[in-house]
Amino acid sequence: MTALQAAGLRGIVDDGFIHVAAPKSSRPLPPPPGVRVHETRRWRDEDALTSGIVRTRPEVATVQASLWARSDLEASLYLVAAVQQRLTTAEAIGDVLERVQRDKRRRLLRSVVEEVRDGVHSLNELDFAELCRRRGLPEPDRQVVVLHPGGRAFLDVRWRRWRVTVEIDGVGHLRPDRWVEDSLRHNEIALSGDVVLRVPSLGLRIDPAPYLDAVDRALQRAGWRPDAPQRPSR
């Protein structure tokens, strides 16, 4: 985190510590107040930048910050923010992640890297439909085209019978131009009578339960009952 801040990272509140990386089993001296030492097996001298304050390269710092983060959400935000603020690239982070052979977040971080790579492998409507199926929710329609005063809209997931729409937002939707486009489409669909839920694909990767809870509540308010026979929503 400290190296990312030195590289120019903005918008993420830190924990107030200066974080220092040290080789595993190097026995660093007790740190002064405000400094936290992390021992790492993945120490490589070539990962250091020596101009100015000696620090790890942004792609290495991103992976370390994500591995040492306090939560999966915080870990994912470090990765996304570093790429969006152009401190490094998803490809460079992916290369560093290949060195990580054992860590509880290894799979999550790899999936987030895929998410950031232009959404090519982002969690899509088919994946969301499978999550709904496991939860016992009715089978949704997918890639629905609807007409509204502003033109046509392509919706990721919709239950026509209950007028519930889910828009799955990949990382690319965080770009300012996409925010504007998405908000206009959202408003038009909501004004037509649908309940519109926005679901970030990153959130689905980390913890899908709260989003599926919201879908469940929206469908039940619209008249769906869990014990009813399952039929296609159209």
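- For D216, the salt bridge (Lys or Arg N to Asp or Glu O under 4.0 Å) partners at least two apart in sequence or on another chain are R135.
- Within 6.0 Å of CZ on R41 lie no more than 12 heavy atoms contributed by other residues, nucleotides or ligands.
- By the rule that hydrophobic residues join a cluster once side-chain heavy atoms approach within less than 4.5 Å of another member, W43 and L67 end up as members of separate clusters.
- Under the rule for a side chain to side chain donor-acceptor pair (under 3.5 Å), R86 has no partner lying at least two apart in sequence or in another chain.
- To the nearest 0.5 angstrom, S71 atom OG is 11.0 Å from D207 atom CG.
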(Q) side chain to side chain contact (heavy atoms under 4.5 Å, CB included), that's the test. Do L108 and I206 meet it? Break it down for me. (A) CA-CA 7 Å; L108 168 67; I206 297 171; 4.0 Å; yes

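- Every residue two or more places apart in sequence or in another chain that forms a salt bridge (Lys or Arg N to Asp or Glu O under 4.0 Å) with R44 is listed here: E46, D47.
- Partners of R107 under the salt bridge (Lys or Arg N to Asp or Glu O under 4.0 Å) rule, at least two apart in sequence or in another chain, do not exist in this structure.
- Looking at residues two or more places apart in sequence or on another chain, you find a salt bridge (Lys or Arg N to Asp or Glu O under 4.0 Å) between R163 and D194.
- Residue pairs meeting the salt bridge (charged side-chain N to carboxylate O under 4.0 Å, His left out) criterion with at least one partner in residues 59-83, sequence neighbours excluded, are R70-E74, D72-R105.
- Checked by atom type and distance alone, the side chain of R42 never pairs as donor or acceptor with a backbone atom of T40 at under 3.5 Å.
- G223 approaches W162 most closely through the heavy-atom pair C-NE1, 3.8 Å.
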Q: Given side chain to side chain contact (heavy atoms under 4.5 Å, CB included), test L49 with V54 step by step and report yes or no.
A: CA-CA 6 Å; L49 294 173; V54 178; over 6 Å; no

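- Rounded to the nearest 0.5 angstrom, R134 CZ and E130 CD are separated by 4.5 Å.
- In terms of the side chain to side chain donor-acceptor pair (under 3.5 Å) criterion, residue partners of Q5 (sequence neighbours excluded) are, by chain and number, D14.
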Q: List the steps, then state whether side chain to side chain contact (heavy atoms under 4.5 Å, CB included) holds for R55 with T2.
A: CA-CA 8 Å; R55 61 194 185 279; T2 307; over 6 Å; no

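- Note on W224: it clusters hydrophobically with V215, by side-chain heavy-atom contacts below 4.5 Å among ILVMFWY residues.
- Here the closest non-hydrogen pair linking L87 and P58 is O-CB, 3.4 Å.
- Residue V112 comes nearest to S76 through the heavy atom pair CG2-OG, 3.8 Å, listed as atom of the first residue, atom of the second, then distance.
- P208 pairs by the side chain to side chain contact (heavy atoms under 4.5 Å, CB included) definition with L131, L204, L212, not counting sequence neighbours.
- Annotation for A61 and A3: closest pair CB-CB, 3.7 Å, computed over non-hydrogen atoms.
- Residues that satisfy the side chain to side chain contact (heavy atoms under 4.5 Å, CB included) test with L97, not counting sequence neighbours, are V63, I93, V100, L109, R110, V113.
- Partners of A190 according to the side chain to side chain contact (heavy atoms under 4.5 Å, CB included) rule, which considers only residues two or more places apart in sequence or in another chain, are H186, V196.
- Shown here for A90 and V83, the closest heavy-atom pair between the two residues is N-CG2, 3.8 Å.
- Applying the ring pair (Phe, Tyr, Trp, His ring centres under 6.0 Å) test to every pair with at least one member in residues 193-218, sequence neighbours left out, gives no pairs at all.
- Nearest heavy-atom pair across T62 and Y78 is CG2-O, 4.0 Å.
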For residues 22-38, run the donor-acceptor check on the side chains, cut-off 3.5 Å, and write out each pair with its distance to 0.1 Å, sequence neighbours left out.
residue : atom : partner : partner atom : Å
S26     : OG   : P23     : O            : 2.7
H38     : NE2  : H19     : ND1          : 2.7

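- Counting only distance, with no hydrogens or angles, the side chain of Q101 and the backbone of E98 share a donor-acceptor pair below 3.5 Å.
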Q: Might you work through the side chain to side chain contact (heavy atoms under 4.5 Å, CB included) test for V166 and W159, ending with a clear yes or no?
A: CA-CA 9 Å; V166 171; W159 286 267; 3.7 Å; yes

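- L191 is not connected to V195 by any chain of hydrophobic side-chain contacts under 4.5 Å among Ile, Leu, Val, Met, Phe, Trp and Tyr, and they are in different clusters.
- The local environment of CZ in R99 is crowded, with over 12 non-hydrogen atoms from other residues, nucleotides or ligands closer than 6.0 Å.
- One hydrophobic cluster, built from ILVMFWY side chains closer than 4.5 Å, holds both M1 and L73.
- Here the straight-line distance linking atom CG of L4 with atom OG1 of T56 works out to 7.0 Å at 0.5 Å rounding.
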